[in-house]
Each structure stands twice: as structure tokens, then as C-alpha cells.
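Just so you know, ligand 1 is whichever comes first in the structure, and atom 1 is the first atom listed for that ligand.
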Amino acid sequence: MDNPGKRAMPPSQQDPASSPPDGPASASRKPHDILAMQRLAAQIKQWGRELGFQQVGICDTDLTEAEREHQQWLARGFHGEMDYMARHGLKRSRPQRLVPGTRRVISVRMDYFPPNARPAWEVLRDPGRAYISRYALGRDYHKVLRKRLQKLAEKIRQHIGDFGYRAFVDSAPVLEKPLAQKAGLGWIGKHSNLISRSDGSWFFLGELYTDLPLPLDAPATAHCGRCRACLDICPTQAIVEPYVVDARRCISYLTIELKGAIPEALRAAMGNRIYGCDDCQLICPWNRFARASREADFAARQRLDDRSLVELFGWDEHTFLQHTEGSAIRRIGYERWLRNIAVALGNAPTEAAVIQALQARRRHPSALVREHVLWALQQHLGRA
Ligand code: B12
Ligand code: SF4
């Protein structure tokens, strides 16, 4: 999983039950300690901005409500095959169970919208092109954010000496959105992504769990109002009610997380989306305020923002690996890459190049790929 802290948190804080988030320690804290923590919090935010985070906020570890919602979501089976969402018991919603001694969470966000990509709607309306979600057009965000968080922790260490912390970006059992909401970074929109009033929702989240008794920020308030644009536009109707995504229907899950066959009933609705989906964020009025990322790492690479489906389907494994080096796309592997493109080719206009590309993969060694290719060819036959 993630980076271990610089030092283990002190034993006195290791039992969550005997050390509530803001328990006896804070009650006995002296005024000069409180002032010092306030100053440190201001500095952490300043350092965070200097390191390229758009916002840094601080919250405690109480996720009682989110825990209930998370458990309900699991009980309804909305996580599908993502066993890791259920595997860690209550560690995900109880930070002190994941990292004993945690008192505060320093939550950060970093914009990712690539400045150089072909406009999303243009690609989505061009059924011969491949649509790849905006977050995956540049370098894998896990590495980028984790390195910065590590630098932030190092700055704090230089300033106050050793302290307990661990850095997380997505990969550990952490409820990132509810924490960020509590830390004042934005509210959870009806599409379930975090939205900032000033910057929209095209940003990643990361956090430092720490034993420092830093002062808390005010939680963000919600501003979706009566809007339901994201629920209406979702191609597969995956947002089954406001704030609740049935991942099993979400194109992001179908193209990235799901290992086996994509359910036939959902294939047509996927259109030309071959890796992730952005529709709920593209339609969101708050993204009118979004800014392009300033990170060179998040600029679109290898022209992945504007390639034809036929061209991508023609890539052999070596070319796939070459063109996705350092990108999150690599995680799905070549077989699922072909599976996803086969579906998009089944949804593409019936043209000689499309049929030829599909025919060329009819005898692909993978049964998964062959089945999707066959389905795609049947779509064209059906239309003919
Ligand atoms: C599992 C997961 C997925 C799954 C499931 C999505 C989901 N909504 O849970 C899939 C694969 C579908 C997915 C897709 C995407 N993901 Co994702 N994903 C995660 C992950 C690992 C866990 C999320 C989670 O805890 N889900 C569990 C359920 C229970 O939580 P939830 O849906 O968020 O529901 C919460 C609220 O809606 C709330 N709630 C429920 N009912 C109610 C009612 C009211 C009134 C209110 C106010 C709230 C509320 O309670 C729930 C618990 O807090 C996080 C990283 C992390 N460790 O947190 C990234 C993360 C959420 N993903 C992220 C991204 C970018 C995406 C995509 C945009 C990628 C893409 N373009 O394809 C899509 C967006 C799809 C969507 N609309 O959600 C970012 C989001 C950044 C942001 N601005 O919010 C995260 C935070 C990763 C990161 N570190 O940046 N993802
Ligand atoms: S599209 Fe509308 S309902 Fe959905 S998250 Fe944005 S503001 Fe909220």
C-alpha cells in the first residue's frame, strides 16, 4: 500500500477508543501549543499551494455518516467486483483503525483537466474516435500526487521535527471524498464527485493522516440545488439516485475495473468511451468555473485525446505498452484495452475499415476479446 510514516505514532494514541479525535489531549493543551498549531496549519496550506495543490484543508477523523452510507452502498452490491471496497472492514471509514494514532487528516486537491486535449464533446460526437477520460490522458496521478504529499510531509518535518504521518492517494482504504468535504475542499455532488465552488470537479484528491492536533477547517456546504443534469445525462443511468452510483452500471467501472465480459445490455450505451467516462462532470454547471491543470504531467500525451478506434485496435501489445508508459491506462492491460475498443467499434458507423479491423481480431487468442469482437461484428450485420 502506501508510505509508512516517518515514525510510528506514540503508543498513548494507539487505541482509538481511549483517544477520541479531539479527546483529553486537546482539553489539556496550553494556549501557546494551540497558537503554534494554528501557525503550523497556515504554513502547511502555504507549502501545499507552493507544491502545486490548489487547496489544502484539515479535518478530524469522524466519518460516522459516511460510514453508514458506505455500508448501505456495499449492502446494495453497488461495488460489483471491487472486493477491495468491502475487504477492510471499518478501516476505510475509521482512519484510526487504518493508522493508529491519527488525529487529523490533511486533505489536498490538484487540478487535472488537460489544457491541450481536443474538446471532450467533439470527440464524444465523433463515433470513429476513441474517448479517453480526461484524468487518464496524462501521467498516472498516483505517483504525481504521492510525491508531492511526501514533499509536504518533509517540509513539516524540517519545521517541527519527526511527526507521525502516512500519505495516501486512492490506493488505500480511505474515504477520500467525505474527508475532503469535511476539510472544506468542496461538497459531494449528486454524481458523487467532489465539487469546489471556485474550481469545479476536475481534480484529484490525496491526504496525509497525521497525529498532529492541527486546528480544523469548516466543512464545505452543498450547492447542487435542484439540478439533476448528471443523473439525466449518464449514458447507462448509473447514478441511481442523487449521490448514489451503482458502479456496476458506470462506464468507468465497466472499462477499468471489470475484469470479465461487459454486460451486453450496457454495451451500446458506452458509445466510443474506451477508458473511463466524464459525462456527469462535463454536463455539470460548476465545471464552467474549472481551470485547466498547470501540471505538465497532466497534459495529454501520445495524442491519446484524438486517435481513431481503428488505429488503436491495430496496436500490438508492445505498441500499447509503449504508448501507455507512465499512464494509468496501463493498469487495465492489453486484453481489456482490446475488449473496450471492440465494444466501441461495434458502436461505430459501419465502414470497411471498421469491419476489417474487427475481422483481423476474430481469432485473437483471448476468448474475452473474441467474444466482444463477435458482438461488435453482429452489430454491424444487424444494421446492414
Ligand atoms: C471506487 C471508486 C470508483 C468506482 C465507484 C464510484 C463511486 N462513486 O464510488 C468507479 C470505478 C465507478 C469510479 C469512477 C470514477 N472515479 Co473513482 N474512486 C473510487 C474510490 C477508490 C472510492 C470511492 C468510494 O469510496 N466509493 C464508495 C461509495 C459508498 O462512495 P460514494 O459513491 O462516493 O458515495 C458517498 C457519497 O455519495 C455519500 N452519500 C450517499 N448518499 C448520500 C446522500 C446525501 C444527501 C449526501 C450529501 C451524500 C450521500 O456517501 C457515500 C460515502 O461517503 C475513490 C478513491 C478513494 N479512496 O476514495 C476514487 C475517486 C472517488 N474517483 C475519482 C475519479 C476521478 C473518478 C472518475 C471521474 C474517473 C473517470 N473519469 O472515469 C469516475 C467518476 C464516476 C462517478 N460519477 O462516481 C476521484 C474523484 C475526485 C473528485 N473530484 O471527487 C477519486 C477521489 C480518486 C482520487 N484520489 O482523486 N471510482
Ligand atoms: S450536474 Fe448538477 S446535480 Fe450533478 S453534480 Fe453538477 S450541480 Fe450537482
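Geometrically, ligand 1 and G276 share no nitrogen or oxygen pair separated by less than 3.5 Å. For ligand 1, none of its N or O atoms has an N or O atom of M85 under 3.5 Å away. Note: no N/O pair closer than 3.5 Å links A66 and ligand 1 by distance alone. Residue W73 places no N or O, backbone or side chain, under 3.5 Å from any N or O of ligand 1. Polar contact check, E257 against ligand 1: no nitrogen or oxygen pair lies under 3.5 Å apart. Residue S201 has at least one nitrogen or oxygen atom sitting less than 3.5 Å from a nitrogen or oxygen atom of ligand 1, judged on distance alone. Checked by distance only, ligand 1 and I256 stay at 3.5 Å or farther apart across all their nitrogen or oxygen atoms. Here's the thing with Y141: none of its N/O atoms is less than 3.5 angstrom from an N/O atom of ligand 1. In terms of polar-atom proximity, Y112 is not counted as a contact of ligand 1, lacking any N or O under 3.5 Å from an N or O of the ligand.
Remark: ligand 2 atoms within the under-4.0 Å shell around heavy atoms of C284 are 1 (S), 6 (Fe), 7 (S). Close approach of ligand 1 to L175 is summarised as follows: ligand atoms under 4.0 Å from at least one heavy atom of the residue are 25 (O). Numbered from 1 in the order shown, with element, the atoms of ligand 2 that lie under 4.0 Å from a heavy atom of C230 read 1 (S), 3 (S), 4 (Fe), 5 (S). Per-residue contacts place C224 under 4.0 angstrom from the following atoms of ligand 2 (heavy atoms of the residue considered): 3 (S), 5 (S), 7 (S), 8 (Fe). Less than 4.0 angstrom separates some heavy atom of P178 from each of these atoms of ligand 1: 53 (O). Interface atoms of ligand 1 facing V245, defined by a heavy-atom separation under 4.0 Å, are 8 (N), 77 (N), 78 (O).
Using a 4.0 Å threshold on non-hydrogen atoms, atom 6 (C) of ligand 1 does not count as touching the protein. Under the 4.0 angstrom criterion, atom 18 (N) of ligand 1 counts as lacking any protein heavy-atom contact. Note that atom 30 (O) of ligand 1 has no protein non-hydrogen atoms nearby, at separations under 4.0 angstrom. Note that atom 40 (C) of ligand 1 has protein non-hydrogen atoms nearby, at separations under 4.0 angstrom. Within a 4.0 Å radius of atom 3 (C) of ligand 1, the protein has no heavy atom. Closer than 4.0 Å to atom 11 (C) of ligand 1 lies at least one heavy atom of the protein.
W337 has its side chain within reach of L312: a pair of non-hydrogen atoms, C-beta onward, lies under 4.5 Å apart. A heavy-atom distance below 4.5 Å is not found between the side chains of R103 and D60.
Applying side chain to side chain contact (heavy atoms under 4.5 Å, CB included) to V144 and the options R146, K147, H142, R148 leaves one that passes, R148. Put simply, the residue from D305, D278, N272 that forms a side chain to side chain donor-acceptor pair (under 3.5 Å) with Y131 is D278. For the side chain to side chain contact (heavy atoms under 4.5 Å, CB included) test with R339, the passing option among I274, I262, I332 is I262; the others fail.
Within the structure, ligand 1 has Q281 among the residues with a heavy atom less than 4.0 angstrom away. Within the 4.0 Å heavy-atom cutoff, I195 counts among the residues contacting ligand 2.
No donor-acceptor contact under 3.5 angstrom links the side chains of Q281 and H191, judged on distance only.
For atom 33 (O) of ligand 1, the nearest non-hydrogen atom from the set R248, R109, K177 belongs to K177. Of all the listed residues (L63, N193, L74, D170), D170 holds the heavy atom that lies closest to atom 59 (C) of ligand 1. Residue nearest to atom 72 (O) of ligand 1, selected from G200, A328, S93, S252: S252 (by heavy-atom distance).
D211 has no carboxylate O lying under 4.0 Å from a charged side-chain N of R104, or vice versa, which leaves the two without a salt bridge.
The line from CZ of R109 to CD of Q54 is 6.5 Å long, rounded to the nearest 0.5 Å. Between the CZ atom of R129 and the CG atom of D306 there is a distance of 4.5 Å, given to the nearest 0.5 Å.
Residue Y243 touches ligand 1 through backbone and side chain together, judged by heavy-atom distances below 4.0 Å. Residue-level proximity to ligand 1 for A222 is absent, since no heavy atom of it falls below 4.0 angstrom. Counting heavy atoms under 4.0 Å from ligand 1, residue Y135 touches it through the side chain alone. The proximity of V174 to ligand 1, defined as any non-hydrogen pair under 4.0 Å, is limited to the backbone. At a heavy-atom cutoff of 4.0 Å, ligand 1 is contacted by the side chain of D278 but not by its backbone. Under 4.0 angstrom from ligand 2, there are no non-hydrogen atoms of L231.
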